[in-house]
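Report on the structure given below.
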Amino acid sequence: MLQRQVDLRPFNTLALPGRAAEYVRVDAAATLADPRWRSRRRFVLGGGSNLVLGGDFDGLILHMAIPGRRLVAEDAQAWYIEAGAGENWHALVLWSLARGWPGLENLALIPGTVGAAPVQNIGAYGVEISDFVQQVRAWDFQAAKFVEFNNAACHFAYRDSLFKKNGQHREGALAIVALTLRLPKSWQPNCRYADVAQELAAHEIATPTAQEIAAAVIAVRQRKLPDPGRLPNAGSFFHNPVVCAEQAAALLRAYPELPTYPQADGRVKLAAGWLIEAAGWKGKALGPVGMYEKQALVLVNHGGATGQDVAQSMAAVQAAVRAQFALELTPEPVFLSAANTA
C-alpha cells in the first residue's frame, strides 16, 4: 500500500530525521511489478544500517521486507540456501549454522538485510559474502522483468559490486529480491584475525567449530560496537584504505604498529580504525556526532543529529587522517538527499 509523508527516522540506524514523499513496504517480489513505480524517483531501502539520511526525500522509498529462507539444493560439494531480501542477515547466519551448514560464521552480527548484503559485498574477519554468492535475483525497473546475476556478473570487489558501481543501489534501477548462497561442505575454520583468535584462545578452544567461531565473532563485535537501539550508529563508517606495497612499507617505517593486511593482488589493506584513533578522533565529537569511544571506526549519533551534522564530522575525520597520513578515507554508507544523490 502506498503511503505518503512517512517518517524515516525508525528506518535508519543513525536515527536521522527525514520524511519520504512516498513509501511502500515490499512484502512480496510481485509488488515491484506495479507500473506506477517505474516512472518515480526511487530508493530501495533495506535495514537502513548503511544509510545517511540528508533530510526529506522527495521520491519513493521501496522498503524491502520479502521474507523466506530455505535449502534449495544439495550436492556432494555444497549446500545451496535461498533467502528473501527482507530477511535479517544475522538471523540467516544463525539459521544456517543451526542446521549444520557452516561458512557464514565470520559474518555474524553484521547489521542489515539479506538484499543489501551483496550491494556492499559485506565482509568481516577475513570473509566476504562474495565468497558464497551463487545467484542474485532482482527486479529490473527499466526492463520490467526479473533478472538473475551469477557471482561473476556481480563484479564483486572490496565493499563493492556491480549494483554499487552503477549507482543502482542509489538510483533504484534494480531491487534485489532474493539471494542464493553456496556453502561448501569442505569447510575450514578462518581464525586468522587476531580479535577472533584471541577470543577463542581465552576459552581454550584450539579447534573451533563454526558455531564457536560465530560465538567468538559475536562476543568481539558486542564489545567493540554499540547497539544502534541504545546509541544510534551505522557500524563501520569508513572503508579500510587499500594502498600499494611501497606506500604501505613507507607508512610502516613511520608507524610500525599500524595493522596491515596483504591482499592477493599485491596491495595492502590498512586499518581505518587505527588511523582514525591515531589522528585523535577516537571518542571525539563535533556537535552531536562523533567517533565511538571503544572503536574509532564507528560514527555515532549522541542525540538530535541531522545528516548535515554527520557530513561535518565525517569531513573533519577525513581531514585529520589526510593531514597526518596523506591518506583519503572513503565513507561506506549511502548518502540520501532530496535530489537522490550521494
Side-chain angles (χ1 to χ4, degrees), residues 2 22-51 57 59-75 78-89 92 96 103-104 107 110 112-123 128-183 334 336 340-342:
L2 179 66
E22 298 180 319
Y23 171 95
V24 172
R25 178 181 169 90
V26 180
D27 295 298
T31 302
L32 298 168
D34 190 316
R36 291 179 295 170
W37 315 149
R38 189 173 181 183
S39 61
R40 283 169 164 81
R41 175 180 294 136
R42 300 175 299 271
F43 181 77
V44 179
L45 176 65
S49 58
N50 198 44
L51 176 66
F57 178 61
L60 169 68
I61 294 289
L62 293 167
H63 195 178
M64 303 303 291
I66 299 171
R69 54 195 185 194
R70 63 192 180 111
L71 179 71
V72 291
E74 179 181 354
D75 57 30
W79 299 278
Y80 302 83
I81 61 174
E82 181 187 78
E87 287 286 328
N88 176 272
W89 173 258
L92 178 69
S96 64
L104 304 180
L107 304 178
I110 292 180
T113 58
V114 166
V119 175
Q120 185 76 358
N121 187 18
I122 61 170
E128 293 178 328
I129 192 175
S130 57
D131 300 331
F132 306 100
V133 169
Q134 179 80 5
Q135 179 180 275
V136 175
R137 189 164 194 258
W139 175 258
D140 184 324
F141 285 94
Q142 183 174 1
K145 66 178 183 179
F146 290 105
V147 292
E148 285 81 35
F149 300 88
N150 63 20
N151 190 293
C154 292
H155 296 172
F156 287 120
Y158 171 63
R159 299 297 178 272
D160 204 0
S161 69
L162 165 77
F163 316 106
K164 188 173 181 182
K165 285 186 178 80
N166 292 350
Q168 292 163 328
H169 65 306
R170 191 176 67 246
E171 297 166 3
L174 292 172
I176 293 172
V177 299
L179 185 62
T180 303
L181 301 175
R182 179 184 185 275
L183 304 179
V334 176
L336 182 66
N340 200 24
T341 58

Partner set under salt bridge (Lys or Arg N to Asp or Glu O under 4.0 Å) for Glu22, not counting sequence neighbours
Arg4, Arg40
Would you indicate whether the side-chain heavy atoms of [Y] and [X] approach each other to under 4.5 Å?
X: Ile81; Y: Leu183; value: yes
X: Lys164; Y: Gln120; value: yes
X: Leu174; Y: Val147; value: yes
X: Phe163; Y: His155; value: no
X: Leu45; Y: Leu51; value: yes
X: Leu181; Y: Leu104; value: yes

Test side chain to side chain contact (heavy atoms under 4.5 Å, CB included) applied to Asn88 and Thr113, step by step:
CA-CA 5 Å; Asn88 176 272; Thr113 58; over 6 Å; no
Could you tell me which non-hydrogen atom of [X] sits nearest to which non-hydrogen atom of [Y], and how far apart they are?
X: Thr180; Y: Val72; result: CG2-CG2, 4.3 Å
X: Phe141; Y: Ala175; result: CE1-CB, 3.9 Å
X: Pro118; Y: Ile176; result: CG-CD1, 3.8 Å
X: Gly123; Y: Arg159; result: O-NH2, 2.9 Å
X: Phe149; Y: Cys154; result: CB-SG, 3.9 Å
X: Ala117; Y: Trp89; result: CB-CE3, 4.2 Å

If we ignore hydrogens and angles and just use 3.5 Å, is the side chain of [X] paired with the main-chain N or O of [Y] as donor and acceptor?
X: Arg42; Y: Trp37; value: yes
X: His63; Y: Gly46; value: yes
X: Asn151; Y: Val133; value: yes
X: Arg38; Y: Gln142; value: yes
X: Glu87; Y: Gly68; value: yes

Quick one: do Leu179 and Ile129 satisfy side chain to side chain contact (heavy atoms under 4.5 Å, CB included)? Show the steps, please.
CA-CA 11 Å; Leu179 185 62; Ile129 192 175; 3.7 Å; yes
Please walk me through it: do Arg182 and Phe132 pass side chain to side chain contact (heavy atoms under 4.5 Å, CB included)?
CA-CA 5 Å; Arg182 179 184 185 275; Phe132 306 100; 5.7 Å; no
Applying ring-ring contact (aromatic ring centres under 6.0 Å, His included), can you list everything that pairs with Phe156, at least two apart in sequence or on another chain?
none
Establish, from distance only, whether the side-chain atoms of Ser130 and Asn121 form a donor-acceptor pair under 3.5 Å.
yes
Calculate, to the nearest 0.5 Å, the distance between atoms CG and OH belonging to Leu60 and Tyr23 respectively.
10.5 Å
Under the side chain to side chain contact (heavy atoms under 4.5 Å, CB included) test, residues paired with [X] that sit two or more places apart:
X: Ala28; value: Thr31
X: Ala33; value: Trp139
X: Ser49; value: Thr13, Pro111

Could you walk me through whether Leu2 and Asp34 pass the side chain to side chain contact (heavy atoms under 4.5 Å, CB included) test, one step at a time?
CA-CA 11 Å; Leu2 179 66; Asp34 190 316; over 6 Å; no
Quick note, salt bridge (Lys or Arg N to Asp or Glu O under 4.0 Å) partners involving residues 138-158, not counting sequence neighbours, are Arg137-Glu148
